[in-house]
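Here is the naming used below: chain letters follow the sequence lines, and residue numbers restart at 1 for every chain.
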Amino acid sequence: MDRILITSAIPYINGIKHLGNLVGSQLPADLYARYMRARGHEVLFLCATDEHGTPAELAADRAGKPVAEYCAEMWAIQKELADGFGLSFDKYGRSSSAQNHRLTQHLAGRLAEAGLIEEVTENQLYSGTDGRFLPDRYVEGTCPECGYERARGDQCENCTKQLDPIDLIEPRSAISGSTDLEMRETKHLYLKQRNLRQQLSDWIDSKTDWPILTTSIARKWLDDGDGLQDRGITRDLDWGVPVMRGDKPWPGMEGKVFYVWFDAPIEYIACAKEWTDGRGAEDAEWERWWRTDKGADDVRYVQFMGKDNVPFHTLSFPATIIGSGEPWKLVDYIKSFNYLNYDGGQFSTSLGRGVFMDQALDILPADYWRWWLLSHAPESSDSEFTWDNFQASVNKDLADVLGNFVSRVTKFCRSRFGGTVPSGGTPGPGEEALIARLEAGLKAYETHMEAIEIRKSAAELRALWTAGNEYLQAAAPWTAYGKDPDRAAVAVRLALNLIRIYAVISAPFIPDASARMLDALNSSDTAWPSEMGDALAVLQPGHAIEVPDMLFRKITDDERETWRAQFAGTRD
RNA sequence: GGGCCCGUAGCUCAAUUGGUUAGAGCAGAGCGCUCAUAACGCUUUGGUUGGGGGUUCGAGUCCCUCCGGGCCUACCA
């Protein structure tokens, strides 16, 4: 049995996440976690909300609430939606937790002791009306190059020219529109990543099995221009982890907080402590996952994230870990994703474009979404959600191939064998061929799942479902029933057992439907079908089964058109 | 501007890292079956691999160039 630590990129707190966010980290992470648990491995699967930073403060302002209250409410909403999608986190933590505060401050202190922190005084634009320093993106004005009036302080979206906020003509706050901006001096801490460049570079080079998307982004940051740059790790904000040097004050840094990207990945660790603290368990229990001096040596740590997160996970966070000089677990494998687009454009949280997690669950159960999203995961390039494709895939794969198989087998069993697993007969060449087919397919499925090749896994799983229909067609128990009841009995007995196997191997993708399949079979046996012959004999003759309610219904053309129209604009 | 990724059948994607005649699923066409959610099975039509040039015995794969899409470019997260 292996031990596998899995983290999903932690979703930002400022609103409900859309399906693109979901498929970019949390959902594939859940698939992997469920699969590894099903294979008997010990899994710790962690996620949390990422709560700090300017956008959280602004979102709270808009909601007219104190930021702490806003975040607490949004955490509860995101937690409920995660549960709704069946995301099987062992702990859904918060980056604002006391555990993360302490650990972030501790690691900053360690980095300072190691000489890896530098204090830098710099000038930054301050808005009197807003009462805050403005990040470059929050300054708007007229582009000096092209005259575009809504250019941002970091870049003009019209002519793509990179800008400095002071270049803008008539700069104003993007938050309030105020123009009382002034340059103010402010002091910040920088993490001296340059000092760790060679170590990080060697470490990345050693990861030859990582997706090219992951390593190419890391290499770009390591090698571009003057190479890896030092990074500011503090901000002038109210909401965040107060800058402290361990448990001591940090002179000159009063009133400042750590940069959200400094504390957010640390929450992966702190979340594990939240996990044990919440149950009154010993620290040793979480430390055996995270401390290589306390049992984490044999842990395989896998992270899931969208491509925009890669630099922070390949460089900044490892720099924090390595620089601390403490024996924290480093990531072993990073699975990164491209973006899912929505019907010809991008999903957008700020514009409210696309389908959001709450809306998705309002119109269909989680399994429909899980199946489509995972079987179309944007692994090799950006992919696109369209209602036509969604309807076609769900109807064909889930309703026709899998759902109908369960239906035809259980109903036939009910009408001809009184709803019990029939006895009699012995397997013949047809059954032997099926077993060989299933063994080969299952092996391919396992290989793909272990390599986290998600679309290939889904395709192989679907092929295994199809094999059941092929077998049934060839065995034709409805024909055999009249002249050779034993032949029919063999086929139905096998097909019923096949449903149990489908339930077990499909559970990582469609956990709710899998549970309903097992319910219908009156079975709680979730043993992985490592020996196919044995697995096809789990349900013994005489065992009573039921016909389940329709496993997956079809999406009608009317529904498709209704939803297409309903989600064509932006949410309020 | 720079860097990276992508472009394969009407649609969604493969192609053992340069090796036979580029494969699946969906959609389309035909046949079969009647247990089943108008479902299932079998057969089958679709390709100048974005354009052009080059290297090679051999290129979807490597190089150059052009076109198109996307991401990043360090103070959004």
Side-chain angles (χ1 to χ4, degrees), chain A residues 9-14 50 52-56 58 122 124-125 133-139 152-155 160-162 164-165 174 188 193 211-213 215-217 219-221 223-225 228-232 235-236 259-261 264 306-312 315-316 338-339 341 346 349-350 372 375-376 378-384 386 388-389 392-393 395-416 455-456 458-459 462-463 466 468-479 481 488 491-492 495 547 550-554:
Chain A
I10 63 179
Y12 199 63
I13 195 70
N14 69 338
D50 176 15
H52 299 138
T54 308
L58 298 180
E122 54 198 10
Q124 199 180 340
L125 226 40
F133 283 94
L134 296 177
D136 292 355
R137 292 203 175 201
Y138 286 95
V139 182
R152 288 190 324 212
D154 56 339
Q155 185 172 40
T160 73
K161 169 83 176 172
Q162 284 196 61
D164 209 296
H188 283 296
Q193 299 185 140
I212 190 164
L213 181 65
T215 49
S216 65
I217 292 172
R219 285 248 64 98
K220 155 75 173 166
W221 282 55
D223 301 334
D224 190 45
L228 186 64
Q229 299 297 298
D230 295 343
R231 181 179 277 278
R235 291 291 183 274
D236 289 292
Y259 175 39
V260 57
W261 263 118
K307 56 186 167 184
D308 53 330
N309 277 256
V310 168
F312 302 99
L315 302 169
S316 306
N338 288 285
Y339 289 146
N341 290 321
Q346 294 187 337
T349 302
S350 53
W372 189 89
S375 61
H376 294 78
E379 290 178 293
S380 56
S381 65
D382 291 352
S383 63
E384 174 153 316
T386 65
D388 286 340
N389 189 302
S393 297
N395 287 359
K396 193 68 191 176
D397 299 347
L398 296 182
D400 293 347
V401 177
L402 177 62
N404 181 55
F405 179 78
V406 173
S407 177
R408 67 195 296 204
V409 171
T410 53
K411 284 183 178 174
F412 188 77
C413 174
R414 181 175 64 186
S415 63
R416 302 297 161 83
R455 285 186 313 218
K456 288 180 183 174
R462 185 193 187 284
T466 299
N469 281 312
E470 289 169 7
Y471 167 77
L472 217 54
Q473 186 68 27
W478 47 89
T479 304
Y481 185 75
V492 170
V547 174
M550 186 178 282
L551 213 51
F552 295 100
R553 70 176 187 81
K554 292 200 187 192

Asker: Can you give me the dot-bracket string for RNA chain B, 5' to 3', counting Watson-Crick and G-U wobble pairs with both distances under 3.5 Å, using [ ] for crossing pairs and | for partners on another strand?
Answerer: (((((((..((((.....[...)))).(((((.......))))).....(((((..]....))))))))))))....
Asker: So which one's nearest nucleotide on RNA chain B is more toward 5', A:Tyr339 or A:Arg235?
Answerer: A:Tyr339
Asker: Identify, between A:Ala392 and A:Ser375, the residue whose nearest nucleotide on RNA chain B lies closer to the 5' end.
Answerer: A:Ser375
Asker: Please state whether the phosphate of B:G70, meaning OP1 or OP2, lies under 4.0 angstrom from any side-chain nitrogen or oxygen of A:Lys307.
Answerer: no
Asker: Do A:Phe552 and A:Val401 pass the side-chain contact (heavy atoms from CB on, under 4.5 Å) test, and can you show the C-alpha distance, the side-chain angles, and the key distance before you say yes or no?
Answerer: CA-CA 10 Å; A:Phe552 295 100; A:Val401 177; over 6 Å; no
Asker: Using the side-chain heavy atoms of A:Glu122, tell me which of these nucleotides is nearest: B:C35, B:C75, B:A77.
Answerer: B:C75
Asker: Taking the side chain of A:Asn404 as heavy atoms from C-beta outward, which of B:U12, B:C40, B:U34 is closest to it?
Answerer: B:C40
Asker: Examine B:C75: is either OP1 or OP2 under 4.0 Å from a nitrogen or oxygen in the side chain of A:Arg231? Give yes or no.
Answerer: yes
Asker: Ring of A:Phe412 versus six-membered ring of B:C35: centres under 5.5 Å and planes under 30°?
Answerer: no
Asker: Side chain of A:Thr479: nearest nucleotide among B:C26, B:U34, B:C76?
Answerer: B:U34
Asker: I want to verify a distance call: between B:C11, B:C35, B:A77, whose nearest atom is closest to the A:Arg416 side chain?
Answerer: B:C35
Asker: Please give, in whole Å, the distance from B:C26 P to A:Arg462 CZ?
Answerer: 5 Å
Asker: So, taking the atom named OH in A:Tyr259 and the one named CZ in A:Arg231, what distance separates them when rounded to the nearest 0.5 Å?
Answerer: 5.0 Å
Asker: Answer yes or no: is there a donor N or O on one side and an acceptor on the other, between the side chain of A:Asp382 and the main chain of A:Tyr339, under 3.5 Å?
Answerer: yes
Asker: What distance do A:Arg462 atom CZ and A:Leu402 atom CG have between them, rounded to the nearest 0.5 Å?
Answerer: 10.5 Å
Asker: Please step through side chain to side chain donor-acceptor pair (under 3.5 Å) for the pair A:Trp372 and A:Asp397, ending with a clear verdict.
Answerer: CA-CA 9 Å; A:Trp372 189 89; A:Asp397 299 347; over 6 Å; no
